[in-house]
Amino acid sequence: MRKRIVNAPIAAAVAGLTVVTVLGTGTASAAVPVSPAVTAPASAVPPSATQATTLRSRIALHFDLAKGQLPENIAFSPAGTAYVTFAGARQVAAIDRDGTIRTLATLAAPADGGVDTPALGFPLTTGIVRHRDGTLYFLYASGDAASTGLYRLKPGGTPHRIAALPENGLPNGLTFDERRGIFYVTDSVLGTISTVQRTGGRVTVWSSAPELAPTGFLGVNGVKVRDGAVWATNLDQGTLLRIPVHHGAPAKVEVRADGLTGIDDFAFAGSGTDQVIAALVGQNTVARIDGAGRSTTLLTAADGLQNPTAVAVRGGTVYVTSAAYLTGTDPNLIVAALPRH
């Protein structure tokens with residue numbers, strides 16, 4: 001099959017570099033274990049704005065660039081199966097604990113091939129959430145009113161769009177609030193966070209605060225719910241944000257950390273803590289951000305990072321997906337020990 005290469009600017013986040021995405025379809029498999037096999041170092045460096053902590057890490061799995069296996073987001077089942085969205089292939093896939101990759105769904109490209117997808121110029125699957133009943137929910141951005149939206153994928157089923165999202169936007173981050181039974185969806189082009197009921201249907205813009213807006217390329221990106229607040233990142237503004245929820249409505253946006261140029265998705269470093277582990281796609285690093293907003297570099301390109309896009313934390317292990325949007329070399333999955341302090 002003839003490959004199609006799409007270039008899209010990353011603007012301020014990468015200082016003029018270019019995303020090279022190879023689009024294609026297909027399924028790859030590998031026999032590389034993805035279960036944790038790393039141990040924490042004997043001691044950890046306290047976080048600060050300048051110090052770096054070295055983690056024991058390894059590349060658990062290499063993905064196929066030519067098939068568009070550019071992992072954009074990740075979610076886990078309690079049994080340890082990882083679910084990823086492959087942006088370049090418009091796919092949702094499962095990664096078993098033995099490293100086998102199974103394609104669960106491939107979304108059709110729009111008639112124009114997705115060239116009208118805002119900011120990027122190619123259609124892509126983005127945020128993903130696994131519900132406790134095994135159902136997967138994920139986002140698709142295509143620049144097409146007939147397909148852009150929130151999708152549901154039941155075990156063994158086919159994907160079904162349950163909520164249409166604006167085709168002139170870029171739905172990106174997705175999280176589910178168990179207590180309220182709603183999804184929060186970020187739009188990185190429109191600079192909004194919207195809500196959708198679990199059953200789908202109506203989409204309501206929950207916040208369009210200026211702290212969510214892009215300043216040249218992509219604004220609000222990753223999103224999580226934590227202790228009565230919605231947390232989010234802004235890629236262009238380089239910020240980690242917290243928005244308290246008061247009777248369902250957003251309160252004033254709190255900037256919890258800044259100076260994080262190109263920050264993408266993130267995860268909390270365990271329960272009962274506000275410490276965050278974040279992927280900085282443009283800087284090609286993974287950083288820990290403490291409760292005071294101080295940043296500590298945990299992983300770099302030397303550890304195998306190839307433009308990290310998402311982070312998941314399970315027990316004492318950090319999982320990082322790299323999409324190689326800029327490097328165009330080795331999209332992969334890295335596992336590392338969660339820092340002790």
Side-chain angles (χ1 to χ4, degrees), residues 70-87 89-95 101-108 117 123-142 144-167 169-188 190 192-207 220-226 230-233 245 264-268 309-314 319 321:
L70 313 181
E72 172 62 24
N73 207 237
I74 186 169
F76 275 91
S77 74
T81 299
Y83 298 94
V84 298
T85 49
F86 284 139
R90 311 181 309 279
Q91 290 178 342
V92 174
I95 305 174
I101 302 172
R102 296 178 286 116
T103 300
L104 303 179
T106 302
L107 297 194
T117 305
L124 66 161
T125 47
T126 53
I128 188 169
V129 167
R130 181 192 181 275
H131 193 262
R132 61 178 179 270
D133 67 3
T135 302
L136 299 176
Y137 296 86
F138 65 94
L139 299 172
Y140 183 44
S142 67
D144 174 31
S147 58
T148 298
L150 172 63
Y151 285 73
R152 178 174 58 218
L153 178 60
K154 293 183 177 181
T158 57
H160 173 68
R161 188 172 74 161
I162 62 171
L165 294 168
E167 72 274 16
L170 189 80
N172 198 338
L174 179 67
T175 195
F176 185 66
D177 185 339
E178 290 279 356
R179 185 177 64 85
R180 299 185 61 210
I182 60 172
F183 291 99
Y184 289 95
V185 179
T186 67
D187 191 304
S188 298
L190 300 181
T192 60
I193 299 176
S194 295
T195 57
V196 183
Q197 295 294 322
R198 186 187 168 204
T199 52
R202 182 179 177 183
V203 177
T204 302
V205 174
W206 183 73
S207 178
V220 62
N221 199 309
V223 63
K224 297 290 186 292
V225 174
R226 181 81 156 195
V230 173
W231 292 65
T233 60
V245 180
D264 201 311
D265 197 26
F266 66 99
F268 288 97
T309 52
V311 176
V313 173
R314 298 186 71 245
Y319 297 81
T321 55

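Values below: every heavy atom of this structure, side chains too, minus hydrogens, waters and symmetry copies.
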So, taking the atom named [atom1] in [X] and the one named [atom2] in [Y], what distance separates them when rounded to the nearest 0.5 Å?
X	Y	atom1	atom2	value
L70	F86	CG	CZ	8.5 Å
T204	I193	OG1	CD1	13.5 Å
S194	L174	OG	CG	11.5 Å
T158	L153	OG1	CG	7.5 Å
H160	L150	NE2	CG	10.5 Å
N221	D187	CG	CG	10.5 Å

Residues L104, Y83; criterion side-chain contact (heavy atoms from CB on, under 4.5 Å); working and verdict: CA-CA 9 Å; L104 303 179; Y83 298 94; 3.9 Å; yes
Quick one: does [X]'s side chain get under 4.5 Å of [Y]'s, heavy atoms only?
X	Y	result
E72	D264	yes
V84	I128	no
E178	H131	yes
V230	D177	no

Of all the heavy-atom pairs spanning [X] and [Y], show the shortest one and how long it is.
X	Y	result
A82	F76	CB-CE2, 3.7 Å
V313	A267	CG2-CB, 4.0 Å
S147	S142	OG-OG, 2.6 Å

Less than 6.0 Å separating the ring centroids of W231 and F266? no
Hey, is the main chain of [Y] close enough, under 3.5 Å, to the side chain of [X] for a donor-acceptor pair?
X	Y	value
R130	I74	no
T85	N73	yes
T309	P71	yes
T233	G222	yes

Between R90 and D144, does at least one N-O distance fall below 4.0 Å, as a salt bridge requires? no
Can you tell me if Y140 and R161 form a side-chain donor-acceptor pair at under 3.5 Å? no
W206 vs Y184 aromatic rings, parallel, tilted or perpendicular, using cut-offs 30° and 60°? perpendicular
Between F183 and Y137, what is the ring plane arrangement, given parallel below 30°, perpendicular above 60°, and tilted in between? tilted
I need the single residue from T148, V203, L190, T192 that forms a side chain to side chain contact (heavy atoms under 4.5 Å, CB included) with P171. Which is it? T148
Could you go through the salt bridge (Lys or Arg N to Asp or Glu O under 4.0 Å) check for D265 and K224 one step at a time? CA-CA 9 Å; D265 197 26; K224 297 290 186 292; 3.1 Å; yes
A quick test of your reading: do over 12 heavy atoms of other residues, nucleotides or ligands sit less than 6.0 Å from CZ of R202? no
Evaluate side-chain contact (heavy atoms from CB on, under 4.5 Å) for L107 paired with F138, printing each intermediate quantity in order. CA-CA 11 Å; L107 297 194; F138 65 94; 3.6 Å; yes
Test log, rule side-chain contact (heavy atoms from CB on, under 4.5 Å), inputs T117 and L170: CA-CA 7 Å; T117 305; L170 189 80; 3.9 Å; yes
